[in-house]
Amino acid sequence: MNSKTEIYQLCPHSGYLMHSYLIKTPNNKIIIIDGGNNYYMEKMYLPHAIRAVLGLKENEYFEIEALFLSHGHIDHYGEFIMMMKEYDQNSNYKINNFYFDFPDFENSNYDKSDYSLENLALLKDAFDIYMKVNNIKVEGRYFDALNGAIINKKAVEKGLSFNIDGVIFDILQTWDDNDDMINGNSLIMKVYEEHKKGRKCLFLNDASVGAGKRLLNTCKDKLKSDIVQISHHGQAGVDKEVYFAIDATVRLWPTTIWLWKDHKIWNVDETRGWFGIEENNYTENDILACNYKEYPKDYTSVSDWKSCVDFMKISL
């Protein structure tokens, strides 16, 4: 391998509640975990951030080798919708593989307040645009053809793993019929280099307390990692027993400044307490998306991303 695998916890602004991870392999393959944005972003940011990471110019062509969508909340898939709004035969980017496993929300017992069928419809439309532009032939909707086709409960139980340019993605958990909230069916994955000499990173995405208990019951001996992505932006995610089993020394916090500083509504204080840190007293091993030295002044500018994206980087 030419160099280390790099993980970027992307964030266009300290106040944006979102979840966006870009992984660059030693041979410059790009993998995205969610890459989501929230409703307050008017334009896409991800293509510009990718070009900055790859050292490309504005509008220069690139490919995403794999896009993982963890679960059915728009702050995790909204960026793909944004990208497809402008996607056509002349677009200067392509996504080679999609991996996701969503339950059937429309015919489920999930709390109706926990998801949006309107947002899901936008996601399905986005996949149909991609299918049409790339002349992909499937019966019905492209979302339905892809959903759970590779990542599913049976495959995960057998030990589903992807090797993308020497970087391993072990899928430890997907949704379950017993989940009662959408966050509970987040994909959980462990990422590390094939030679296994580097660090291991566990992505919990938005896994809930219930999902964490299920993870401990099925995968406790597989959880130990050097780096952990803190679940659900730092609040109302998995419980402390999960983090103790992971036993990571580095923590990735996809957390906004207003969430990090809140002491009344959200329970980030409790999560911080499990690691013995406080709002203004944490170590360099706590990587806060809301506390980077610099953010892009214009998140649609490659040059602006180039000036700050290294502050969002950690190596395996």
Side-chain angles (χ1 to χ4, degrees), residues 8-13 15-24 28-100 102 115-138 140-147 254 289 295-309 312:
Y8 295 80
Q9 181 175 250
L10 297 176
C11 186
H13 188 278
Y16 285 177
L17 183 64
M18 57 182 293
H19 183 103
S20 180
Y21 289 93
L22 183 161
I23 299 173
K24 183 171 75 72
N28 290 334
K29 298 288 186 182
I30 297 295
I31 299 101
I32 301 296
I33 299 176
D34 285 339
N37 64 30
N38 216 335
Y39 59 89
Y40 40 64
M41 295 183 69
E42 297 179 354
K43 297 181 180 180
M44 60 185 178
Y45 70 90
L46 189 55
H48 315 290
I50 291 173
R51 291 189 179 98
V53 168
L54 291 174
L56 303 178
K57 299 177 181 178
E58 299 279 356
N59 298 317
E60 196 168 349
Y61 180 82
F62 68 87
E63 294 185 4
I64 297 173
E65 186 61 27
L67 171 61
F68 290 90
L69 301 179
S70 69
H71 68 290
H73 281 149
I74 197 167
D75 60 318
H76 295 257
Y77 62 72
E79 180 65 12
F80 175 63
I81 293 174
M82 299 285 279
M83 290 174 70
M84 291 303 103
K85 284 183 178 180
E86 302 180 13
Y87 194 65
D88 59 27
Q89 286 81 1
N90 298 314
S91 291
N92 47 10
Y93 52 84
K94 185 183 179 187
I95 305 170
N96 293 329
N97 297 283
F98 299 92
Y99 301 118
F100 61 98
F102 289 8
Y115 64 91
S116 166
L117 292 181
E118 291 78 11
N119 289 339
L120 186 64
L122 293 174
L123 178 62
K124 291 183 177 182
D125 290 344
F127 273 109
D128 284 345
I129 292 170
Y130 186 89
M131 175 180 68
K132 182 178 180 180
V133 170
N134 289 286
N135 196 30
I136 299 170
K137 304 297 183 183
V138 299
R141 308 204 70 174
Y142 195 38
F143 172 93
D144 296 325
L146 293 171
N147 185 25
Y295 298 87
K297 295 181 177 62
D298 176 1
Y299 63 74
T300 67
S301 165
V302 173
S303 59
D304 278 15
W305 276 103
K306 285 181 178 179
S307 70
C308 65
V309 76
M312 307 177 186

The reported gap from NZ in Lys297 to NE2 in His13 (rounded to nearest 0.5 angstrom) is 12.0 Å

Test side chain to side chain contact (heavy atoms under 4.5 Å, CB included) applied to Glu63 - qualifying residues, sequence neighbours left out:
Tyr61, Lys94, Asn96

With sequence neighbours left out, write down each residue that passes salt bridge (charged side-chain N to carboxylate O under 4.0 Å, His left out) with Lys29, or none if nothing qualifies.
none

Provide the closest heavy-atom pair for Ser20 versus Gly35 in the form atom of the first, atom of the second, distance.
OG-CA, 3.4 Å

What residues form a side chain to side chain contact (heavy atoms under 4.5 Å, CB included) with Asn135, not counting sequence neighbours?
Lys137

Nearest 0.5 Å, what's the CE-CD1 distance between Met82 and Ile74?
9.5 Å

Set of ring pair (Phe, Tyr, Trp, His ring centres under 6.0 Å) partners for His71, sequence neighbours left out:
His73, His76

Find the distance between CG (Asp144) and NZ (Lys124) and round it off to the nearest 0.5 Å.
5.0 Å

Identify the heavy atoms of Asp88 and Asn90 that sit nearest to each other, and give their distance.
OD1-N, 2.8 Å

Do Trp305 and Leu10 have side chains that approach each other closer than 4.5 Å (heavy atoms only, starting at C-beta)?
yes

Should Met18 and Pro254 count as side-chain neighbours, where that means a heavy-atom distance under 4.5 Å?
no

Can you name the residues that form a ring pair (Phe, Tyr, Trp, His ring centres under 6.0 Å) with Tyr45, not counting sequence neighbours?
none

Side chains of Pro12 and Tyr295 in contact at under 4.5 Å (non-hydrogen atoms)
no

Holding to salt bridge (charged side-chain N to carboxylate O under 4.0 Å, His left out), I want the full list of residues that pass it with Lys43, two or more places apart in sequence or in another chain.
none

Write down the atom of Met312, the atom of Pro296, and the distance for their closest heavy-atom approach.
CE-CD, 4.2 Å

How far does CG of Leu117 sit from CG of Leu123, to the nearest 0.5 angstrom?
12.0 Å

Just so I know, are the side chains of Pro47 and Met83 near enough to count as touching, which here means a heavy-atom distance under 4.5 Å?
yes

Asp34 side-chain N/O to Ser70 backbone N/O, donor-acceptor pair under 3.5 Å
yes

Do the non-hydrogen side-chain atoms of Tyr21 and Phe68 ever get within less than 4.5 Å of each other?
no

Donor-acceptor contact present, side-chain His48 to main-chain Val302, <3.5 Å:
no

Does the Asp304 side chain pair with the main chain of Asp298, one donor and one acceptor, at a distance under 3.5 Å?
yes

Taking C-beta and beyond as the side chain, do Leu122 and Glu118 meet within less than 4.5 Å on heavy atoms?
no

When you compare the side chain of Asp75 with that of Asn37, does any pair of heavy atoms fall below 4.5 Å?
no

In chain order, what residues pass the side chain to side chain contact (heavy atoms under 4.5 Å, CB included) check against Asn147, with sequence neighbours excluded?
Phe100, Asp101, Phe102, Phe143

Those residues that, when tested against Gln89, pass side chain to side chain donor-acceptor pair (under 3.5 Å) (two or more places apart)
none

Begin from the C-alpha positions of Tyr99 and Leu67 and carry the test side-chain contact (heavy atoms from CB on, under 4.5 Å) through to its verdict.
CA-CA 6 Å; Tyr99 301 118; Leu67 171 61; over 6 Å; no

Heavy-atom pair of closest approach, residues Glu79 and Met44:
OE2-CB, 3.0 Å

Which residues share a side chain to side chain contact (heavy atoms under 4.5 Å, CB included) with Leu56, sequence neighbours left out
Arg51, Leu54, Glu60, Phe62

If you compare all heavy atoms of Tyr142 against all heavy atoms of Phe127, which two are closest, and at what distance to 0.1 Å?
CD2-O, 3.4 Å

Is there a donor-acceptor contact under 3.5 Å from the side chain of Asn134 to the main chain of Ile136?
no

By side chain to side chain donor-acceptor pair (under 3.5 Å), Lys132 pairs with (sequence neighbours left out) none

List the steps, then state whether side-chain contact (heavy atoms from CB on, under 4.5 Å) holds for Glu58 with Ser301.
CA-CA 8 Å; Glu58 299 279 356; Ser301 165; 3.8 Å; yes

Please identify each residue that fulfils ring pair (Phe, Tyr, Trp, His ring centres under 6.0 Å) with Tyr130, with sequence neighbours left out.
Tyr87, Phe98

Between Leu46 and Ile32, is there a side-chain heavy-atom distance shorter than 4.5 Å?
yes

Quick one: side chain to side chain donor-acceptor pair (under 3.5 Å) partners of Asp128, sequence neighbours excluded?
Arg141

Intermediate values then yes/no, side-chain contact (heavy atoms from CB on, under 4.5 Å), Val53 and Leu22:
CA-CA 9 Å; Val53 168; Leu22 183 161; 4.0 Å; yes

